[in-house]
Amino acid sequence: MESIRKSAKVGSQEVILETGKIAKQAHGAAWVRQGDTIVLVTVVSASEKREGIDFFPLTVDYQEKMSSAGRVPGSYFRREGRATEKETLTSRIVDRSCRPLFAEGYANETQIIATVYSFDQENDPDVLALTGASAALHLSDVPFNGPIAGVRVGRLDGQFVANPTLAQRAKCDLEVVMAASREAIVMVEGGAQEVSEAVMVDALLFGQAAVKELLDAQDALRAAAGNKPRRAFDAPPSDAAMKAKVKALTWEKVKEAYGRHEKHDRYGRLSEIKKELLQALKDEAGGDAARLAGLAAREKEIKGYYEDVKYEYMRKMITDEGRRIGGRGTTDVRKITCEVGILPRAHGSALFTRGETQALVTTTLGTSEDEQRVEQLIGMTFKKFLLHYNFPPFSVGEVKRMGSPGRREVGHGVLAERALRQVMPPDDKFPYTVRIVSDITESNGSSSMASVCGGSLSLLDAGVPVKAPVAGIAMGLIKEGEKIAILSDILGDEDHLGDMDFKVCGTAQGITSIQMDIKIGGVTREILERALAQAAEGRKHILSEMAKALSAPRASISAYAPRITTIRIRPERIKDIIGPGGKTIKDITARTGTSINIEDDGSVSIASPNSDKVDEAIKMIRGLTQEAEVGKTYLGTVRKIAEFGAFVEIFPGTDGLIHISELSDKRVKSVSDVLSEGEEVLVKVISVDRQGKIRLSRKEALAEAAGKKAEHEPAK
């Protein structure tokens with residue numbers, strides 16, 4: 001097949017989709033280009049169904065080649081290693097966007113690989129990978145109900161921009177990555193600087209309109225490639241009679257179970273009902289060996305019908321009765337308790353509990369030496385604000401192997417980090433590296449939002465001067481015909497129940513972070529506005545509960561946190577602090593126990609938990625970098641004597657010349673008659689020329705000293 005190319009206009013730039021030239025043995029491949037950024041996305045799906053699983057085995061791997069930006073990896077082996085945070089997040093975005101669109105019941109192992117081969121330092125490849133994944137699937141025979149397309153929406157100077165460049169993004173007050181089809185917004189991930197709900201809705205609808213040409217281009221590409229037919233697969237069996245029997249045997253029992261408030265009590269009862277169902281069917285079969293064998297072979301199918309009963313009952317309970325698990329209404333938020341300062345040695349700490357979800361969160365203040373060094377395609381960057389989310393198995397009463405953070409933990413941590421980053425003080429006001437760690441100690445839904453709330457409280461407890469407290473809430477939406485139910489503060493049971501689930505974080509003024517997954521079409525502007533308005537009410541309620549524990553930053557940071565003092569010196573004096581081979585600065589840090597960071601603009605930050613040590617280091621630095629002031633008197637040391645005068649060191653590293661005529665008010669035949677090397681002498685700075693040469697006067701210094709002495713002597 002010859003290479004086929006289609007293009008679409010997104011914002012002010014052209015996006016080119018190409019297939020048929022590279023990766024022809026993949027089941028689908030798309031070469032996506034915007035500017036000089038190029039991503040290859042491939043799809044391969046196994047020919048046989050993977051047996052014994054109850055989920056769709058999809059794997060998404062997004063990888064950035066350092067060669068794409070003309071860089072050599074900085075690792076020891078000089079090759080790409082484990083996935084970076086950016087690669088993990090982009091993989092999750094592609095997965096969340098594409099997974100719901102595969103045909104129900106399709107269980108063949110499928111892999112999407114997106115590889116960045118060229119990066120132009122302007123156009124981010126992540127949204128190209130998202131569009132490319134859809135294009136590759138659309139070209140393949142995999143049963144995929146696409147296409148969709150990805151776009152980044154920014155707001156620059158009050159105007160929405162599709163796929164803004166890196167330079168434009170730095171000036172945007174809103175930035176979301178989203179995927180959309182013709183009928184629906186599918187996925188949203190982004191943040192903003194306290195924007196209103198109306199602005200966020202406008203941004204989402206703008207993004208949905210911006211991808212229409214990309215959707216047309218994918219359809220045209222598929223048609224030009226021959227409209228490969230979708231592969232056939234064995235759909236899950238559906239026995240209406242058995243389904244009805246399972247419903248009859250379990251409906252009332254499920255109804256009773258979902259009235260139970262406590263999670264493990266409810267789960268335990270639902271598990272018992274499943275066992276009772278299987279036993280009832282076996283009893284009905286009597287001793288008929290053939291029927292019993294048939295039931296054993298269909299056990300997985302029967303359990304699936306039972307899950308359908310639970311799903312149907314929960315949706316009807318909510319849409320028809322306006323009642324949720326445990327008796328809550330659709331707008332009710334679970335009981336909230338907040339404590340701060342519970343860990344005496346942590347710089348800031350909080351325990352946030354909402355229902356059966358609990359987060360123990362700490363804030364640690366560090367210096368510039370604690371910044372995270374991140375190697376990216378744009379070059380080496382440094383992060384001063386970090387949030388790490390941990391989900392140990394005991395939080396849900398399970399036994400699992402402990403290991404490094406998974407994709408889910410990374411994603412939840414970044415969502416919470418984005419929410420709080422918007423309110424952090426600027427570096428020149430608060431020069432600390434800040435690390436938040438959220439450990440989930442109990443979980444029944446919305447643990448990432450508990451991390452936001454607990455993280456905000458721990459920042460306040462640490463004395464970080466944030467702009468405002470931040471809270472987060474997880475929401476759900478169910479649409480049955482004309483009936484719509486929007487759920488505030490969803491449980492784990494409700495997480496997979498709805499047609500749209502979304503997480504909204506923000507201050508009392510507006511949204512700072514948002515994440516949405518929408519599984520249906522027909523979600524209108526009105527529905528989006530209702531959903532976000534209800535989320536805003538829930539967020540404000542949570543903020544009021546948090547304020548009962550702590551409403552503003554503490555007046556001072558922890559006694560165990562480093563004190564950072566910043567002073568300024570002339571940039572040309574930086575070398576005096578560092579010294580040859582770093583000898584001087586190492587000596588200062590060794591003698592004072594402080595941490596010192598020097599910026600190119602002459603900013604010097606000195607950090608230590610002991611303020612006396614900071615003062616000592618500042619004194620040493622001032623001694624090395626102080627400047628001679630005209631008219632000021634110094635006690636110096638004679639370092640060298642010449643025929644025309646003497647060179648005097650007025651402070652370490654700084655010498656001036658006393659001309660022989662400035663030694664005394666009387667005539668001096670020889671400098672050595674008045675001064676000797678090593679002698680201390682009082683001198684006054686009388687001038688500093690453009691080259692920095694200092695002229696001193698002993699004569700004027702003595703006259704000034706004599707005058708002051710006369711002023712203080714009593715009159716005779």
Does any part of the side chain of [Y], heavy atoms only, come nearer than 4.5 Å to the side chain of [X], both counted from C-beta?
X: M475; Y: D489; value: no
X: C98; Y: V60; value: no
X: I38; Y: D120; value: no
X: R530; Y: I486; value: yes
X: L221; Y: I4; value: yes
X: S97; Y: L130; value: yes
X: L58; Y: F102; value: yes
X: E85; Y: V414; value: yes

Check whether the side chains of [X] and [Y] place a donor and an acceptor atom closer than 3.5 Å, and report yes or no.
X: S45; Y: N108; value: no
X: S238; Y: Y305; value: no
X: N163; Y: Q34; value: yes
X: E64; Y: T84; value: no
X: E480; Y: T319; value: no
X: Q376; Y: T381; value: yes
X: Q534; Y: S488; value: yes

Under the salt bridge (Lys or Arg N to Asp or Glu O under 4.0 Å) test, residues paired with [X] that sit two or more places apart:
X: K49; answer: none
X: R50; answer: E109
X: K310; answer: E307
X: K519; answer: D501

Candidate pair K483 and D320, rule salt bridge (charged side-chain N to carboxylate O under 4.0 Å, His left out), full reasoning: CA-CA 8 Å; K483 294 179 181 178; D320 296 352; 2.9 Å; yes
Regarding [X] and [Y], does a basic nitrogen lie under 4.0 Å from an acidic carboxylate oxygen?
X: D219; Y: R182; answer: yes
X: R96; Y: D517; answer: yes
X: R298; Y: D239; answer: yes

Apply the test salt bridge (charged side-chain N to carboxylate O under 4.0 Å, His left out) to residues E14 and K9: give CA-CA distance (whole Å), side-chain angles for both, the deciding distance (0.1 Å), then the verdict. CA-CA 5 Å; E14 183 181 46; K9 191 85 176 288; over 6 Å; no
Between [X] and [Y] (side chain of the first, backbone of the second, donor and acceptor by atom type, cut-off under 3.5 Å), is there such a pair?
X: E375; Y: G74; result: yes
X: T19; Y: A29; result: yes
X: D126; Y: A129; result: no
X: S446; Y: M449; result: no
X: S443; Y: S447; result: no
X: T131; Y: L128; result: no
X: E312; Y: V309; result: no
X: Q218; Y: L215; result: no
X: R222; Y: H138; result: yes
X: Q168; Y: T165; result: yes

If the plane angle is over 60° it's perpendicular, under 30° parallel, otherwise tilted; pick one for Y106 and F233.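 Perpendicular.
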When the ring planes of H412 and Y389 are compared, do they come out parallel, tilted or perpendicular, using 30° and 60° as the limits?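 Geometry flag for Y389 against H412: perpendicular rings.
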Please evaluate residues T88 and T90 with respect to the criterion side-chain contact (heavy atoms from CB on, under 4.5 Å), reporting the C-alpha separation (whole Å), side-chain torsions for both, the decisive distance (0.1 Å), and the verdict. CA-CA 6 Å; T88 298; T90 305; over 6 Å; no
Show the numbers, then the answer: is there a salt bridge (charged side-chain N to carboxylate O under 4.0 Å, His left out) between R155 and D202? CA-CA 10 Å; R155 191 173 76 156; D202 287 340; over 6 Å; no
Evaluation steps, side-chain contact (heavy atoms from CB on, under 4.5 Å), between D61 and I112: CA-CA 6 Å; D61 293 299; I112 300 171; over 6 Å; no
Out of Q515, K503, R152, which residue meets the side-chain hydrogen bond (donor to acceptor under 3.5 Å, both in side chains) rule with E189?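 Exactly one option meets the side-chain hydrogen bond (donor to acceptor under 3.5 Å, both in side chains) with E189, and it is Q515.
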Heavy-atom count check: over 12 atoms from other residues, nucleotides or ligands less than 6.0 Å from [X] [atom1]?
X: Y76; atom1: OH; result: no
X: F77; atom1: CZ; result: no
X: N227; atom1: CG; result: yes
X: K300; atom1: NZ; result: yes
X: K228; atom1: NZ; result: yes

Given M500, which partner from the list I185, I520, L477 fulfils the side chain to side chain contact (heavy atoms under 4.5 Å, CB included) test?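 Looking at I185, I520, L477, the match for M500 under the side chain to side chain contact (heavy atoms under 4.5 Å, CB included) is L477.
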If you look only at pairs with a residue in residues 35-44, which of them pass as a salt bridge (Lys or Arg N to Asp or Glu O under 4.0 Å), with sequence neighbours excluded?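 Only R33-D36 qualify under salt bridge (Lys or Arg N to Asp or Glu O under 4.0 Å).
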Contacts of type side chain to side chain contact (heavy atoms under 4.5 Å, CB included), residue N145, not counting sequence neighbours: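 With neighbours one apart ignored, the set is empty.
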Could you walk me through whether E194 and T512 satisfy the side-chain hydrogen bond (donor to acceptor under 3.5 Å, both in side chains) test, starting with their C-alpha distance in whole Å, then the side-chain angles of each, then the deciding distance to 0.1 Å, before giving a yes or no? CA-CA 5 Å; E194 298 180 276; T512 59; over 6 Å; no
Given R315 and D499, is the salt bridge (charged side-chain N to carboxylate O under 4.0 Å, His left out) satisfied, shown in steps? CA-CA 10 Å; R315 288 178 68 96; D499 301 311; 3.0 Å; yes
Can the positive tip of R230 be found less than 6.0 Å from the middle of the six-membered ring of F144, inside 45° of the ring normal?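 No - R230 does not lie over the ring of F144 by the 6.0 Å and 45° rule.
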Which is it for K243 and V246 under the side-chain contact (heavy atoms from CB on, under 4.5 Å) test, yes or no, and what are the steps along the way? CA-CA 5 Å; K243 202 168 187 176; V246 170; 5.9 Å; no
Quick one, M187 with I518, criterion side-chain contact (heavy atoms from CB on, under 4.5 Å). Give me CA distance, side-chain angles, the key distance, then yes/no. CA-CA 6 Å; M187 185 281 309; I518 305 172; over 6 Å; no
How long is the straight-line distance from OH of Y311 back to NZ of K316, given to the nearest 0.5 Å?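 Answer for the NZ-OH pair, K316 versus Y311, is 12.0 Å.
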